[in-house]
Each structure stands twice: as structure tokens, then as C-alpha cells.
J.: 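Let me begin by handing over the structure; questions about it come next.
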Amino acid sequence: MPRALILLYTRCMQATLSLAPFSFRTLATSGLARQGEIATPRGIIRTPAFMPVGTAGTVKALYPDQVKSAGADILLGNTYHLMLRPGAERVARLGGLHKFMRWDGPILTDSGGFQVMSLSGLRKMSEKGVTFQSHIDGSTHHVSPERSIEIQCLLGADIQMQLDECIELPASRERAIEAMELSLRWAERSKRAFDDMSKPGQALFGIVQGGTDLELRQRSAEALVAMDLPGYAVGGLAVGEGHDLMVATLSGTTPHLPAHKPRYLMGVGTPADIMEAVARGIDMFDCVMPTRSGRHGQAFTWAGKINLKNARHAEDPRPLDASSTCPAARDYSRAYLHHLMKSGEHLGSMLLSWANVAFYQDLMAEIRSAIAEDRYAAFVAEHKARLVGAEVE
RNA sequence: GGACAGGUGCCCGAGCGGUUAAAGGGGACGGACUGUAAAUCCGUUGGCUUUGCCUACGUUGGUUCAAAUCCAACCCUGUCCA
């Protein structure tokens with residue numbers, strides 16, 4: 001083959017690759033649980049997937065390489081936090097978030113909707129959008145659905161989230177309706193903005209709201225599905241309602257979301273939450289739990305949770321999990337991890353964050369295998385109880 | 001040897017007649033953490049037969065209705081002077 005042709009072919013392939021559409025396919029099911037993959041121009045996301053949270057352009061206390069080698073295919077960034085610092089335009093001038101933080105896999109960005117709840121004392125809501133008072137310097141920042149999408153495009157997020165209103169539970173039905181309907185109107189505006197500004201291969205997800213009211217959840221889901229978005233998230237859960245109500249709400253929500261599109265349960269959660277959500281057809285998760293708990297001394301293992309700050313580990317020479325492939329879990333004694341945490345040494349937070357991110361990825365890998373082999377219910381029955389509580393020795 | 005300053009709960013340290021089992025830190029012990037205002041936050045931290053009692057602020061004695069708080073002696077510690 002002439003050299004010129006090879007070059008042309010290569011260029012075409014590159015072009016095709018860079019324009020590869022966003023797509024989702026299911027490879028196996030077990031009950032309602034699905035195992036599959038999301039294809040993005042930046043790589044495949046194996047589902048069910050857990051996305052480590054990298055709010056401010058970093059999965060706290062971890063190098064991108066560690067996150068990658070732990071098995072994560074995609075991670076999160078945050079519109080609100082990156083908008084304030086270093087600023088979306090600056091990130092764009094520096095080549096986008098992927099290059100900036102040295103993560104070449106897919107990135108999903110949250111819209112700032114969670115900060116509507118978590119920073120409720122520092123913001124004002126209107127039909128137009130949210131006005132935040134910066135928690136850093138008090139300056140005022142307006143985030144409309146359109147501006148949220150613009151920021152996410154500037155960051156270069158592969159999966160973008162509509163701006164929504166996340167409310168704390170329990171909440172009155174009126175309050176849930178209000179937030180759900182506003183979120184739907186904002187979904188429409190987000191979609192229009194996304195269609196204008198996004199690049200091929202990027203995807204916008206809508207967010208189902210409605211509190212724990214199944215009728216509201218259904219209405220929200222159906223309205224979003226009518227917008228024909230590339231994926232759908234379930235938001236407003238794990239915000240005070242408790243595990244059982246969350247699971248019940250999911251049971252009444254996922255059936256209203258199309259089977260051929262990815263479903264993302266936002267902000268969840270514990271290993272048990274994830275297992276039950278997968279059983280109800282959820283494909284994607286994110287949560288600060290592995291990293292925050294890690295920084296605070298709590299490790300997740302197949303034997304249950306372990307608080308390394310507890311005195312009982314002071315002279316325990318065993319690693320967290322001798323069978324783990326993660327060096328943090330395999331090669332360091334509990335006694336040493338205990339010492340690091342008690343001493344406030346950064347390495348303690350780093351090692352436990354690493355071990356936890358790796359554990360969560362291992363959990364997802366096991367979940368995917370169990371679905372692929374159609375033994376998911378048995379898998380949950382075998383592991384859930386143990387993962388809920390403290391380590392059983 | 002002399003002059004000051006000081007000895008408080010595991011440690012540092014506030015209190016300087018009653019509202020003091022004694023502020024505040026730290027440490028220790030335990031808990032929480034779910035689209036990250038979080039390397040953060042919250043408890044507990046003398047004992048007991050626990051709506052109360054006992055023990056406790058260097059030691060001993062005293063003043064007082066009442067003392068960690070006032071007085072005396074003694075024992076320690078620090079700084080300075082000889």
C-alpha cells in the first residue's frame with residue numbers, strides 16, 4: 001500500500017476516533033442488573049462503573065496514575081468549584097481539564113446542582129438560575145443552566161450534567177414538586193445550550209428529581225425521556241432519606257428510564273447502596289466516600305469497614321487485605337497505617353484513599369463479573385451484609 | 001546563700017473566697033462522613049450504691065458558714081543576683 005494511502009487511512013481513523021459518538025451497550029444482564037460499556041472518544045467505561053470524585057481537578061490525595069491503575073475508567077469534576085478556582089476560561093486556555101490535571105480518560109462534570117443543596121446558605125435560587133456567594137472569597141457568581149453547560153464545555157467534560165435543584169430529604173411534596181419541575185425546565189434549557197456549544201462525542205445527562213415520591217419520580221423520568229438525552233441520572237437521593245427509602249425510590253424510578261441508555265445514580269454511595277442500586281438497573285455511580293473516608297481513617301475491605309484510628313490496630317502487623325492488588329492495601333501494616341493516621345501524616349490519607357479507590361473498583365469489577373455470569377443476586381446475598389458493618393475477624 | 005516568679009485534672013493552661021469536678025487547648029478513647037466549604041465534624045475523658053455522695057488544684061496546718069482561690073511553715077521548679 002502506498003505511503004500516502006496509509007497516511008490518509010490513519011488520518012481518517014483518527015478523525016473517526018475523535019468523532020466517535022457516545023454510545024452505550026449492554027453485554028449481559030442478571031435480573032434487572034446490567035453489565036455493559038459506554039463508549040466515548042476518550043475511552044470505554046465499563047459498567048456498572050464507579051467514578052472517583054475529583055471535585056477540584058484532583059481525586060484528593062491521589063495521583064491520576066493511581067486512580068487509573070486502581071481500575072477507574074472515568075472520574076468526576078465539578079463545575080462550581082472549578083469555576084471559582086482556577087476558573088473555566090483559564091482551564092480552557094490551558095488546554096482543557098484533561099490536560100490540566102493529566103487524566104486522559106473520560107471526565108464527567110457535575111453541574112453545580114449539588115452545591116445548590118450543600119451550599120444552601122450561600123446561594124439564591126431563581127427561575128433564571130443560581131446565584132452563589134463564593135465560599136472562598138464571598139464574590140458573587142451567577143450560574144444559569146446555560147452557563148453551567150458553557151463551563152462544562154470549556155472544561156471539556158465528556159459527560160455533562162444539566163443544572164438541577166437538589167433538595168435535602170425529607171421534604172414536603174410541594175417542595176419536591178417545585179424542585180423537580182424547575183429541574184425539568186432547566187433540563188430543556190441545558191439541552192438547547194448543549195446542542196449549541198458541545199462537540200461531537202460529548203454527552204448531556206438529564207437528572208430525575210422528585211424526592212421519594214414515586215409518582216413525581218415517574219413524571220420527572222418521563223419528561224426527561226421525552227427530551228431524548230444520551231443518558232439519565234437519578235439525583236436527589238442519599239440526601240437524608242436512608243438506605244431503604246432510597247432503594248424503594250430507585251425501584252420506582254429506573255423502570256421509567258430507557259433500557260438502552262446509561263443510568264447514573266448520583267452521589268452514591270456505600271458498597272451496600274451500590275449493590276442494591278445495580279440490582280435495580282443502575283450503571284454508574286460516584287461518591288466521595290472512598291476518598292473522604294480514606295482521609296479520615298476508614299478503610300473499606302471485603303471483610304467490612306475498618307477504622308484505622310482505633311487503638312486495636314496499633315500493633316497489628318497484617319495488611320488491610322493481603323490478597324489485594326493495590327499496594328496500599330497489600331504492603332503496609334495496619335499498625336503503620338494506624339500510626340500515620342494518629343500522627344496526622346499525609347501519607348496515611350494517601351494510602352487509605354488509594355486502598356479505598358482500589359477497593360471500590362474491585363467491587364465494581366466483581367459486580368460486573370457476577371452479572372456477566374448471571375449470579376448477581378447470589379453475589380449480593382453473599383457480600384452485602386458483611387460490607388455494611390465493621391470488619392468481622 | 002539572696003531576690004523574684006511559679007507549682008491546677010494524662011499534658012499544657014485559665015481561674016484567684018461561694019454560680020468549680022474546675023474555662024480553653026493538646027493527647028487519649030469512640031463515632032460520623034453518600035453528585036467534597038471536609039487531611040473535617042461530633043461525643044467521652046476522677047470514682048461510686050449517680051435527682052446524690054466521695055475524692056481532687058505541691059505538702060501540712062490554719063482563717064472562714066464556705067478555700068484551687070486568704071494566711072503560715074515546709075517541699076519542689078524556673079529566672080536573675082552573689
J.: What is the separation between atom CG on A:Leu108 and atom P on B:rU36, rounded to the nearest whole Å?
T.: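 Taking atom P of B:rU36 as the reference, CG of A:Leu108 is at 10 Å.
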
J.: Nearest nucleotide by nearest heavy atom, which residue falls closer to the 5' end of RNA chain B, A:Val288 or A:Arg292?
T.: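 The residue mapped nearer the 5' terminus is A:Val288.
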
J.: For nucleotides B:rG35 and B:rG7, find the distance between their P atoms and express it as a whole number of Å.
T.: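 Roughly 50 Å separates the two P atoms.
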
J.: For a quick test of reading the model: is some side-chain N or O of A:Gln298 closer than 4.0 Å to OP1 or OP2 of B:rC33?
T.: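 Indeed not, no polar side-chain atom of A:Gln298 lies that close.
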
J.: Provide, to the nearest angstrom, the distance between the CD1 atom belonging to A:Ile282 and the C1' atom belonging to B:rG35.
T.: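 Computing the A:Ile282:CD1 to B:rG35:C1' distance gives 13 Å.
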
J.: Are any of A:Asn310's side-chain N or O atoms less than 4.0 Å away from OP1 or OP2 of B:rG31?
T.: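 Yes, such a contact exists.
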
J.: Cut-off 3.5 Å, side chains only: do A:Gln152 and A:Thr109 have a donor facing an acceptor?
T.: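 Yes, a side-chain donor-acceptor pair sits under 3.5 Å.
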
J.: For residues A:Tyr232 and A:His256, establish whether the separation of their ring centroids is below 6.0 Å.
T.: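 No, they do not, as the ring centres are separated by 6.0 Å or more.
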
J.: Given B:rU36, B:rA28, B:rG35, identify the nucleotide with an atom nearest to the side chain of A:Lys342.
T.: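 It is B:rA28.
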
J.: Atom CG of A:Leu84 to atom P of B:rA37: distance rounded to whole Å?
T.: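 The distance from CG of A:Leu84 to P of B:rA37 comes to 11 Å, rounded to the nearest Å.
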
J.: If you measure from the P atom in B:rG13 to the same atom in B:rU79, how many Å do you get, rounded?
T.: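 One P to the other, the span is 15 Å.
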
J.: What N/O pairs connect the protein and nucleotides 41-44 of chain B at under 3.5 Å? Give each pair on its own line.
T.:
none

J.: Got a donor-acceptor contact below 3.5 angstrom from the A:Arg334 side chain to the A:Leu308 backbone?
T.: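 Not confirmed, A:Arg334 side chain does not pair with A:Leu308 backbone.
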
J.: Report yes or no: is there a donor-acceptor pair, N or O only, under 3.5 Å between the side chain of A:Ser293 and the base of B:rU34?
T.: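 A donor-acceptor contact between them is absent.
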
J.: Determine the Euclidean distance between corresponding P atoms of B:rA73 and B:rG78; express it in Å to zero decimal places.
T.: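 Result for the P pair: 23 Å, nearest Å.
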
J.: Map every base of RNA chain B to its dot-bracket character, where paired means a Watson-Crick or G-U wobble contact with both distances under 3.5 Å and | marks a partner outside the strand.
T.: ((((((((.[[[..)..(.....]]]((((((.......))))))(((...)))...[[[[[..)....]]]]]))))))).

J.: Whole-Å distance between B:rA32 C1' and A:Ile306 CD1?
T.: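 My rounded result for the distance is 18 Å.
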
J.: Do A:Ile74 and A:Val288 land in one hydrophobic cluster if side-chain heavy atoms of ILVMFWY residues count as linked below 4.5 Å?
T.: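 Linked within one cluster.
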
J.: Would you mind telling me which of B:rA38, B:rA37, B:rG35 lies closest to the side-chain atoms of A:His296?
T.: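 Ranking B:rA38, B:rA37, B:rG35 by closest atom to the A:His296 side chain puts B:rA38 first.
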
J.: Taking the inter-plane angle between the rings of A:His383 and A:Phe379 on a 0 to 90° scale, is it parallel (under 30°), tilted (30 to 60°) or perpendicular (over 60°)?
T.: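 A:His383 and A:Phe379: tilted rings.
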
J.: For the residue pair A:Phe359 and A:Phe300, categorise the inter-ring angle as parallel (less than 30°), tilted (30 to 60°) or perpendicular (more than 60°).
T.: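 A:Phe359 vs A:Phe300 ring planes: parallel.
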
J.: Heavy atoms under 4.0 Å, any strand shown: does A:Gln209 hit a base, just sugar-phosphate, or nothing?
T.: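 Base, at least one base atom sits under 4.0 Å.
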
J.: Counting only heavy atoms from other residues, nucleotides and ligands, does the tally under 6.0 Å from CD of A:Glu127 exceed 12?
T.: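 Yes, enclosed.
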
J.: Tell me whether the side-chain N/O atoms of A:Gln115 come closer than 4.0 Å to OP1 or OP2 in B:rA37.
T.: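 A:Gln115 to B:rA37 OP1/OP2: side-chain N or O found under 4.0 Å.
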
J.: Looking at A:Arg192 and A:Glu146, is there a salt bridge between them, counting it only when a charged N and a carboxylate O are closer than 4.0 Å?
T.: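 The answer is no: the pair does not qualify as a salt bridge.
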
J.: On a whole-Å scale, what distance lies between the P atoms belonging to B:rG47 and B:rA37?
T.: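 Going atom to atom, P in each nucleotide, I get 40 Å.
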
J.: B:rG35 P sits how many Å from A:Asp110 CG, rounded?
T.: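 Going from A:Asp110 (CG) to B:rG35 (P), I get 10 Å.
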
J.: Check whether any side-chain nitrogen or oxygen of A:Arg295 sits under 4.0 Å from OP1 or OP2 of B:rU40, and answer yes or no.
T.: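 A:Arg295 to B:rU40 OP1/OP2: no side-chain N or O under 4.0 Å.
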
J.: Atom NE2 of A:His81 and atom C1' of B:rG35: how far apart are they, to the nearest Å?
T.: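 Taking NE2 of A:His81 and C1' of B:rG35, I get 10 Å after rounding.
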
J.: For B:rA37, does OP1 or OP2 lie under 4.0 Å from any side-chain N or O of A:Ser118?
T.: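 Yes, A:Ser118 has a side-chain N/O under 4.0 Å of OP1/OP2 on B:rA37.
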
J.: Could you tell me the separation between the CZ atom of A:Phe300 and the P atom of B:rA32, rounded to a whole number of Å?
T.: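 About 10 Å, once rounded to whole Å.
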
J.: Could you tell me how far apart A:Ile207 (CD1) and B:rG35 (P) are, to the nearest whole angstrom?
T.: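 About 13 Å, once rounded to whole Å.
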
J.: Going by an N to O cut-off under 4.0 Å, is there a salt bridge joining A:Glu188 and A:Arg185?
T.: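 Salt bridge: no.
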
J.: Taking the minimum atom-to-atom distance to the side chain of A:Asp286, which one of B:rG35, B:rA37, B:rG30 wins?
T.: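 Of all the options, the side chain of A:Asp286 is nearest to B:rG35.
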
J.: Before accepting this row, confirm whether a basic side-chain N of the pair A:Asp228/A:Lys191 lies closer than 4.0 Å to the acidic partner's carboxylate O.
T.: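 Salt bridge: no.
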
J.: What nucleic acid atoms does A:Ser134 come within less than 4.0 Å of, heavy atoms only: base, sugar-phosphate, or nothing?
T.: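 Since no nucleic acid heavy atom lies under 4.0 Å of A:Ser134, the category is nothing.
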
J.: Would A:Leu245 end up clustered with A:Met180 when hydrophobic side chains under 4.5 Å apart are linked, directly or stepwise?
T.: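 Different hydrophobic clusters.
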
J.: Need one value for A:Leu265: base, sugar-phosphate or nothing, where a base atom within 4.0 Å counts as base even if backbone is also close, heavy atoms only.
T.: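 If one applies the 4.0 Å heavy-atom cut-off, A:Leu265 turns out to touch nothing in the nucleic acid.
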
J.: When you match A:His338 and A:Gly236 each to their closest nucleotide on RNA chain B, which lands nearer the 5' end?
T.: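 The answer here is A:His338.
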
J.: Given B:rG31, is OP1 or OP2 found less than 4.0 Å from the side-chain N or O atoms of A:Asn307?
T.: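 It does, given that an N or O in the side chain of A:Asn307 lies less than 4.0 Å from OP1 or OP2 of B:rG31.
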
